[in-house]
A.B. asks: 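The structure follows.
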Amino acid sequence: MSQFWKPGTERPQGRVVDDEEGGVLFLSGSHHSSSSSRYGYASIDKQRQRLPVFKYRTAILYLVETRATTIIVGETGSGKTTQIPQYLKEAGWAAGGRLIACTQPRRLAVQAVASRVAEEMGVKLGEEVGYTIRFEDVTKPDVTVLKFLTDGVLLREMMDDPLLTKYRNCELDVKVPGRAFEHELEKLRHVIMLDEAHERSISTDILLGLLKKIQRRRPELRLIISSATIEAKSMSDFFRMRKKRREPENEEHGLQVEPVILSVEGRGFNVQINYSEEPVQDYVQAAVSTVLLIHEREPAGDVLVFLTGQDDIDASVQLLNDEVQTTGKHSSGLIVLPLYSGLSRAEQELVFSQAPRGKRKVIISTNIAETSLTLEGIVYVVDSGFSKQRFYNPISDIENLVVAPISRASARQRAGRAGRVRPGKCYRLYTEEYFLNHMSNEGIPEIQRSSMVSCVIQLKALGIDNILGFDWPASPSTEAMIRALEILYSLRVLDDDAKLTSPTGFQVAEIPLDPMVSKMIIASSQLGCSEEIITIAAVLSVQSIWISGRGIQKESDEAKLRFAAAEGDHVTFLNVYKGFHQSGKSSQWCHKNYVNYHAMRKVLEVREQLKRIAKRIGLVLKSCESDMQVVRKAVTAGFFANACHLEEYSHNGMYKTLRGSQEVYIHPSSVLFRVNPKWVIYNSLVSTDRQYMRNVITIDPSCLLEAAPHFYQLQQSNHLLR
DNA sequence: GAGCACTGC
């Protein structure tokens with residue numbers, strides 16, 4: 001297949017930010033493409049001063065002093081993440097026991113940034129500079145002043161302290177002042193920095209809404225929002241808009257509420273964009289021929305290809321390897337590596353190793369390389385223009401993974417991956433016309449593509465009662481909201497007035513899991529099987545505890561049968577956990593039984609956290625030993641809405657959901673596959689050509705009525721008792 | 001007899 005390319009006109013790293021309405025705007029100077037190693041060894045201070053953000057130190061501090069909200073647009077390598085928190089500390093924003101908080105969407109980034117900053121400041125991590133992520137609090141009371149954390153953790157912290165008035169490293173009694181003395185106010189002058197806000201995770205969006213709300217009560221709270229170029233304007237609009245009435249500006253303290261955008265250049269290199277001249281029919285095939293073209297015509301440098309999922313990636317790795325084999329010398333020198341989250345740790349690490357001299361590394365990856373992982377040495381990027389995205393249908397209450405076109409923002413992000421070490425090239429497997437006229441500017445925020453049950457619970461726990469009226473950066477659909485309220489009501493987590501019930505609702509909000517799982521845990525406390533149910537909840541919260549992969553299917557299926565329980569997958573998990581525990585948590589035992597050791601370690605961690613929380617909220621930790629009847633009852637108490645009945649005359653194992661009469665099937669990975677018991681409850685649905693139930697347990701229909709009479713009242717006569 | 005983009009508490 002021949003490939004025609006048309007050089008594009010887009011500059012992936014353009015940095016002019018529009019600011020019409022009177023906001024201060026700093027434009028960057030000339031674009032430097034320097035690397036720090038050019039100067040050889042330099043002291044940390046010198047290195048810090050060489051970062052692009054250093055030029056803006058005074059400007060940033062001035063803006064944070066005078067503006068409620070500052071939006072920083074910082075390209076890759078600008079140094080904003082590591083430097084700005086230090087500038088704030090140096091300027092006295094952490095004096096008097098106050099904490100400067102800086103959030104990241106991902107745990108790994110939190111750890112990396114915190115340790116880098118601690119190193120630059122010459123302090124031990126966990127002292128002045130600390131971090132908090134799930135399972136790990138590396139901060140020290142009275143000592144830590146710079147705290148890095150995931151946005152999820154900050155959200156959890158706000159449940160105990162909704163106005164963040166206690167955001168300090170030691171106890172201090174401060175009242176929220178209506179009109180307070182200067183020195184009282186001083187204690188409340190906090191800065192919170194939300195980094196990578198453009199990624200628009202659910203937690204970031206909730207935080208943005210909450211912090212905007214808090215600012216009205218606490219004008220002395222300062223926000224720094226870091227964002228990519230394209231999204232900066234909408235972020236600024238969000239903070240500019242006063243929701244109902246126009247609120248008076250806080251002129252008294254010389255503070256302006258209008259947000260301002262400050263743009264800092266990065267250290268990326270220019271990336272030449274090439275578009276396909278014709279629309280591409282088959283992007284796997286097109287990606288393969290483009291890689292071969294690059295290898296044939298372009299100078300040395302590694303290639304990164306963005307495809308959508310495991311299937312596409314494995315197929316193209318195969319095609320490229322075949323090509324290398326058949327054409328021999330011409331195409332040799334290629335090392336082709338797949339990259340997706342489902343790979344084992346060892347396989348993932350291969351992509352970070354350097355290619356031997358004279359060899360070219362080709363990494364074929366999912367979206368994981370767009371945000372989560374940074375690969376060094378990439379000079380060429382091939383962008384299919386697609387990724388797998390999650391969509392939620394509130395009518396059927398089902399989440400689907402769909403291959404969908406990416407946004408222009410994503411396309412720029414992908415292209416930028418080619419310019420980290422030297423000028424690079426990006427090959428887009430779509431036309432320039434398509435890019436300009438058919439791609440959306442920004443992706444759909446996660447909050448508009450997800451179920452809202454967890455989100456509603458969190459907001460309720462934060463004291464936000466009018467959720468439909470909440471000031472979102474992007475509003476979730478009314479249908480999704482109503483569906484969430486309905487589910488939470490049926491779980492008896494919300495009452496008739498949509499308030500959290502006591503104690504169930506408040507307990508569910510404390511548990512960091514899906515409300516149906518939390519409800520199951522609470523029920524298990526009353527039924528006397530919380531030890532078992534907490535283990536099951538922990539296993540359900542990791543991706544999979546089985547080792548899967550090509551060539552070992554038969555063996556791993558057989559291994560699974562050794563643990564299989566007649567009741568279904570949940571009880572099977574208990575058998576695996578028991579065996580793992582009895583082996584002394586041995587990795588050899590896992591290996592022998594085709595159980596994923598890393599997943600089991602995570603199960604242990606989650607289990608410990610859940611036990612701690614259970615104790616705190618007053619649940620009884622107790623084992624039911626071998627009475628699996630109560631285990632099934634507890635599962636039913638949380639998941640009654642997922643009950644299904646086998647169609648009597650079905651020969652292919654078709655079930656129908658009680659709630660919506662949806663056609664569903666037991667997933668082949670379940671121990672109940674082909675067993676087809678009459679009544680089952682599933683944990684989740686995956687939809688491909690059919691709807692498959694994953695993690696299934698048999699139930700007794702009378703338990704359904706017992707667990708949720710309110711829910712099954714109507715169906716009672718015509719379904720359950722037939 | 002099928003297949004799971006990626007985070008997070």
Side-chain angles (χ1 to χ4, degrees), chain A residues 103-110 132-137 149-160 196 199-207 306-314 339-343 365-373 384 386-391 399-404 406 410 443 446-447 449-450 454-455 457-458 461 508-515 517-518 537-538 541-544 546 548-550 553-554 556-557 602 605-606 609-610 612-613 652-653 665-670 672-676 684-695:
Chain A
T103 72
Q104 295 286 328
R106 277 172 294 281
R107 301 170 43 167
L108 216 61
V110 168
T132 307
I133 56 179
R134 188 180 184 184
F135 307 128
E136 219 182 327
D137 183 5
L149 67 173
T150 51
D151 27 27
V153 169
L154 183 58
L155 209 49
R156 282 276 151 191
E157 290 184 344
M158 287 177 81
M159 283 190 184
D160 297 327
E196 315 284 0
E199 285 189 22
R200 302 297 298 273
S201 71
I202 291 181
S203 302
T204 310
D205 269 21
I206 301 177
L207 276 180
F306 285 103
L307 293 181
T308 60
Q310 191 172 335
D311 279 355
D312 285 358
I313 291 171
D314 288 343
L339 176 62
Y340 41 82
S341 75
L343 291 176
S365 172
T366 61
N367 247 10
I368 195 170
E370 192 181 307
T371 47
S372 306
L373 291 177
S384 65
F386 289 93
S387 70
K388 277 197 183 168
Q389 291 162 37
R390 186 176 58 200
F391 287 95
E399 287 186 330
N400 274 331
L401 268 181
V402 184
V403 173
I406 59 169
S410 278
E446 193 187 5
I447 202 152
R449 298 184 281 116
S450 314
S454 296
C455 186
I457 278 286
Q458 280 192 302
V508 164
E510 286 285 315
I511 303 173
L513 296 170
D514 185 297
V517 183
S518 307
S541 76
V542 305
Q543 292 233 335
S544 171
W546 308 109
S548 56
R550 279 152 209 287
Q553 263 146 324
K554 200 162 155 270
S556 87
D557 278 1
K602 196 162 174 222
E605 271 190 322
V606 176
Q609 187 195 30
L610 292 179
R612 265 200 315 275
I613 294 169
N652 60 348
Y665 297 83
I666 294 180
H667 195 278
S669 67
S670 168
L672 293 182
F673 180 66
R674 280 204 288 236
V675 177
N676 293 336
S684 63
L685 284 182
V686 290
S687 15
T688 49
D689 50 329
R690 284 174 172 181
Q691 307 277 8
Y692 285 104
M693 303 183 267
R694 288 194 65 196
N695 298 326

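Proteins come first, then strands; the chains are lettered A, B, ... in the order of their sequence lines, and each starts at number 1.
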A.B. asks: Over all strands shown, is A:Ser203 touching base, sugar-phosphate only, or nothing at heavy-atom distances under 4.0 angstrom?
C.D. replies: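 No contact.
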
A.B. asks: A:Phe673 has a side chain; which of B:dC9, B:dC4, B:dG1 sits nearest to it?
C.D. replies: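 Out of B:dC9, B:dC4, B:dG1, the nucleotide with an atom closest to A:Phe673's side chain is B:dG1.
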
A.B. asks: Tell me, please, which residues at least two apart from A:Arg694 pass side chain to side chain donor-acceptor pair (under 3.5 Å).
C.D. replies: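 Applying side chain to side chain donor-acceptor pair (under 3.5 Å) to A:Arg694 gives none.
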
A.B. asks: When all nucleic acid strands are considered with a 4.0 Å heavy-atom cut-off, which category describes A:Ile133: base, sugar-phosphate, or nothing?
C.D. replies: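 The residue A:Ile133 makes sugar-phosphate contact but no base contact.
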
A.B. asks: For a quick test of reading the model, state the closest non-hydrogen atom pair linking A:Arg156 to A:Glu510 and the distance between them.
C.D. replies: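 Smallest heavy-atom distance, with atoms named: NH1-O, 3.5 Å.
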
A.B. asks: Classify A:Arg106 by what it touches in the nucleic acid, base, sugar-phosphate, or nothing, heavy-atom distance under 4.0 Å.
C.D. replies: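 A:Arg106: backbone/sugar contact only, no base atoms under 4.0 Å.
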
A.B. asks: Can you tell which of B:dC9, B:dC4, B:dA5 lies closest to the side chain of A:Val686?
C.D. replies: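 Closest nucleotide to the A:Val686 side chain: B:dC4.
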
A.B. asks: Hey, is the side chain of A:Ser454 poking within less than 4.0 Å of OP1 or OP2 on B:dC9, counting only N and O atoms?
C.D. replies: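 No, no such contact exists.
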
A.B. asks: Applying a 4.0 Å non-hydrogen cut-off, can you work out what A:Arg107 is touching in the nucleic acid: base, sugar-phosphate, or nothing?
C.D. replies: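 Counting heavy atoms under 4.0 Å across all strands, the contact made by A:Arg107 is with sugar-phosphate only.
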
A.B. asks: For the side chain of A:His667, counting heavy atoms from C-beta on, which of B:dG3, B:dG1, B:dA5 is nearest?
C.D. replies: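 Selected nucleotide (nearest to the side chain): B:dG3.
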
A.B. asks: Taking any heavy-atom pair under 4.0 Å as a contact, classify A:Ser341: base, sugar-phosphate, or nothing.
C.D. replies: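 Sugar-phosphate: the residue A:Ser341, judged by heavy atoms under 4.0 Å, touches backbone atoms but no base.
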
A.B. asks: Of the listed nucleotides (B:dC9, B:dG3, B:dA5), which one gets closest to any side-chain atom of A:Tyr692?
C.D. replies: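 Given the options B:dC9, B:dG3, B:dA5, the side chain of A:Tyr692 is closest to B:dG3.
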
A.B. asks: Tell me, please, which residues at least two apart from A:Asn400 pass side chain to side chain donor-acceptor pair (under 3.5 Å).
C.D. replies: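 Applying side chain to side chain donor-acceptor pair (under 3.5 Å) to A:Asn400 gives A:Ser687.
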
A.B. asks: Would you indicate what A:Asp557 reaches in the nucleic acid, counting non-hydrogen atoms under 4.0 angstrom: base, sugar-phosphate, or nothing?
C.D. replies: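 Touches a base.
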
A.B. asks: What is the distance, rounded to the nearest whole Å, between atom CG of A:Leu401 and atom P of B:dT7?
C.D. replies: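 Those two atoms, CG and P, are 13 Å apart.
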
A.B. asks: Identify whether any heavy atom of A:Ser387 sits under 4.0 Å from a base atom; if not, whether one sits that close to sugar-phosphate; answer base, sugar-phosphate or nothing.
C.D. replies: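 Nothing, no nucleic acid heavy atom in range.
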
